[in-house]
Amino acid sequence: MRTILVIGIGAGNPEHLTVQAIRALNEVDVFFALDKGASKRDLLALRHEICERYIEKERTYRFVEVQDPVRDEKVAAYDARVDAWHGERVELLEQALRDQLPEHGTGAFLVWGDPSLYDSTLRLLERMIARARLPFVYRVIPGISSVQALAASHRITLNQIGGAVHITTGRKLGEAREQTDVIVMLDGECAFKQLPGEDYDIWWGAYAGSDDELLRAGRLSELSEEIERVRAAARAQRGWIMDTYLLRRRA
């Protein structure tokens, strides 16, 4: 039976890999990756760099790229839009696993950050299992998330003593206004602008933990426009951006 490894590879620094992840890399025959276009080729290049760095020289392996389908933005309901997109991904990835991975081989997905946090690889694999068309087993190897990298770079704890931390997306930030400490991921529109800036402090980071890391911290009212400007410039330069931030309500 085929074996699939879902390996967290950290937030952009090859040294984020755990010893467990390095051992897992050395079990893999075929690495599968969704090709997200020319603007994100360096994300694929980093995966190649990680393999070249940590896989023992005598091992042979190969990469199989699968063209990532475009999400249909014409579908009004967000959940329905994502569900249909995931369905297309499942069809393509299942076919690639069947065609490219030998029956007793080991394949892998190298997941940015950690597979448990705002990543859909595990959902896609569970949908394949539910379809019961391609038998396989899978294991998950955790990685350092951008949230952990953000906290380390800013040298902060995410929670206050005895306090809770709320993790959400930019799209859902408005629903978290009553929370004291909020971590925001996947914010493409700088949703923090909708908050009263004098009431919050922000710790923001893009490409956290990598050589290209960008950091800002302070009163939200003083940094909102600067973060938006820095973020836009970085995205224009690289073609993509991954940023995360902590908002803390001031007492």
Side-chain angles (χ1 to χ4, degrees), residues 4-57 59-69 89 92-93 96-97 100-101 106-122 124-125 138-154 185-188 204-215 230-245:
I4 306 298
L5 305 181
V6 183
I7 305 172
I9 58 173
N13 185 337
E15 294 186 358
H16 281 174
L17 266 75
T18 65
V19 174
Q20 183 185 22
I22 292 171
R23 287 175 177 165
L25 290 177
N26 282 278
E27 299 177 30
V28 178
D29 303 306
V30 184
F31 292 93
F32 294 88
L34 286 167
D35 183 356
K36 298 177 181 292
S39 65
K40 296 185 178 179
R41 294 300 293 178
D42 51 347
L43 298 179
L44 184 60
L46 178 63
R47 288 169 166 84
H48 282 275
E49 178 186 342
I50 285 170
C51 290
E52 291 167 4
R53 181 169 182 169
Y54 291 116
I55 294 178
E56 297 171 1
K57 300 302 182 184
R59 281 199 56 84
T60 59
Y61 63 91
R62 58 194 176 91
F63 269 80
V64 171
E65 298 176 34
V66 178
Q67 186 68 42
D68 197 12
R89 283 177 149 189
L92 293 170
L93 291 174
L97 291 172
Q100 301 293 336
L101 185 64
T106 298
F109 294 94
L110 303 183
V111 173
W112 204 267
D114 180 82
S116 71
L117 189 59
Y118 287 113
D119 182 83
S120 294
T121 305
L122 301 185
L124 299 180
L125 292 177
Y138 74 92
R139 306 197 326 259
V140 179
I141 294 86
I144 293 175
S145 71
S146 61
V147 174
Q148 294 166 282
L150 177 79
S153 293
H154 279 292
M185 305 177 69
L186 302 178
D187 181 7
W204 175 85
Y207 319 115
S210 74
D211 292 339
D212 299 317
E213 177 179 78
L214 299 170
L215 300 173
V230 169
R231 187 184 189 280
R235 184 170 189 173
Q237 179 181 2
R238 299 189 61 168
W240 61 276
I241 190 165
M242 288 186 180
D243 61 333
T244 306
Y245 55 90

- Item | Set of side chain to side chain donor-acceptor pair (under 3.5 Å) partners for Y138, sequence neighbours left out | E126
- Identify, with sequence neighbours excluded, every residue that meets salt bridge (Lys or Arg N to Asp or Glu O under 4.0 Å) alongside E213. none
- Task: With sequence neighbours left out, write down each residue that passes side chain to side chain donor-acceptor pair (under 3.5 Å) with N13, or none if nothing qualifies.
- Result: none
- Does the side chain of L46 reach to within under 4.5 Å of the side chain of S210, using non-hydrogen atoms? no
- Heavy-atom closest pair (H154 atom, G205 atom, distance to 0.1 Å) is NE2-N, 4.5 Å
- Any donor-acceptor N or O pair under 3.5 Å, side chains D119, T121: yes
- What's the spacing between R238 CZ and D42 CG if we round to 0.5 Å? 5.0 Å
- Residues at least two apart in sequence or cross-chain that pass ring pair (Phe, Tyr, Trp, His ring centres under 6.0 Å) with F31, listed by chain then number, are Y61, F63
- Query: How far apart are the closest heavy atoms of P142 and P115, and which atoms are they?
  - Reply: CA-CD, 4.4 Å
- Smallest separation among heavy atoms of A21 and G8, with atom names: CB-O, 4.2 Å
- Contact summary for V28 and G107, nearest pair of heavy atoms: CG1-C, 4.2 Å
- Note on the structure: Sorted by chain and residue number, the side chain to side chain contact (heavy atoms under 4.5 Å, CB included) partners of N26 (sequence neighbours excluded) come out as I22, I55, E56, R59
- Message: The test is side-chain contact (heavy atoms from CB on, under 4.5 Å); show your working for F109 and L124 and say whether it passes.
- Response: CA-CA 11 Å; F109 294 94; L124 299 180; over 6 Å; no
- S116/D114 under side-chain hydrogen bond (donor to acceptor under 3.5 Å, both in side chains): CA gap, chis, key distance, verdict: CA-CA 6 Å; S116 71; D114 180 82; 2.4 Å; yes
- Item | Side chain to side chain, R231 and I241, heavy atoms closer than 4.5 Å | yes
- Indicate, with yes or no, if the rings of Y118 and W112 have centres closer together than 6.0 Å. no
- Task: Using side chain to side chain contact (heavy atoms under 4.5 Å, CB included) as the criterion, list what pairs up with S146, not counting sequence neighbours.
- Result: A11, M185, T244
- Query: In Å, rounded to the nearest 0.5 Å, how long is the span from CE of M242 to CG of L186?
  - Reply: 9.0 Å
- Message: Tell me every residue that passes side chain to side chain contact (heavy atoms under 4.5 Å, CB included) with A96, counting only those two or more places apart in sequence or in another chain.
- Response: F32, V66
- CD1/I141 to CD1/I9 distance, rounded to the nearest 0.5 angstrom? 12.5 Å
- Note on the structure: Sorted by chain and number, sequence neighbours left out, side chain to side chain donor-acceptor pair (under 3.5 Å) with T106 holds for none
- Query: Do you know which two heavy atoms are closest between R235 and G188, and how far apart they sit?
  - Reply: NH1-O, 4.3 Å
- What pairs with R47 under salt bridge (Lys or Arg N to Asp or Glu O under 4.0 Å), at least two apart in sequence or on another chain? none
- Mind checking whether L93 and L34 have side chains closer than 4.5 Å, heavy atoms only? yes
- Query: Looking at CD1 of I4 and CG of L97, how far apart are the two atoms once the value is rounded to the nearest 0.5 Å?
  - Reply: 4.5 Å
- Message: So, taking the atom named CG in L44 and the one named CG in L110, what distance separates them when rounded to the nearest 0.5 Å?
- Response: 9.5 Å
- Message: Under the salt bridge (charged side-chain N to carboxylate O under 4.0 Å, His left out) definition, can you give me all pairs with a residue in residues 8-28, not counting sequence neighbours?
- Response: E15-R53, E27-R139
- Candidate pair L92 and Q67, rule side-chain contact (heavy atoms from CB on, under 4.5 Å), full reasoning: CA-CA 8 Å; L92 293 170; Q67 186 68 42; 5.8 Å; no
- Message: Once side chain to side chain contact (heavy atoms under 4.5 Å, CB included) is applied, do any residues pair with I144, and if so which ones, sequence neighbours excluded?
- Response: H16, Q148
- Query: Mind checking what makes side chain to side chain donor-acceptor pair (under 3.5 Å) contact with D29, not counting sequence neighbours?
  - Reply: none
- Message: In the structure I gave you, are the side-chain heavy atoms of W204 and L150 within less than 4.5 Å of one another anywhere?
- Response: no
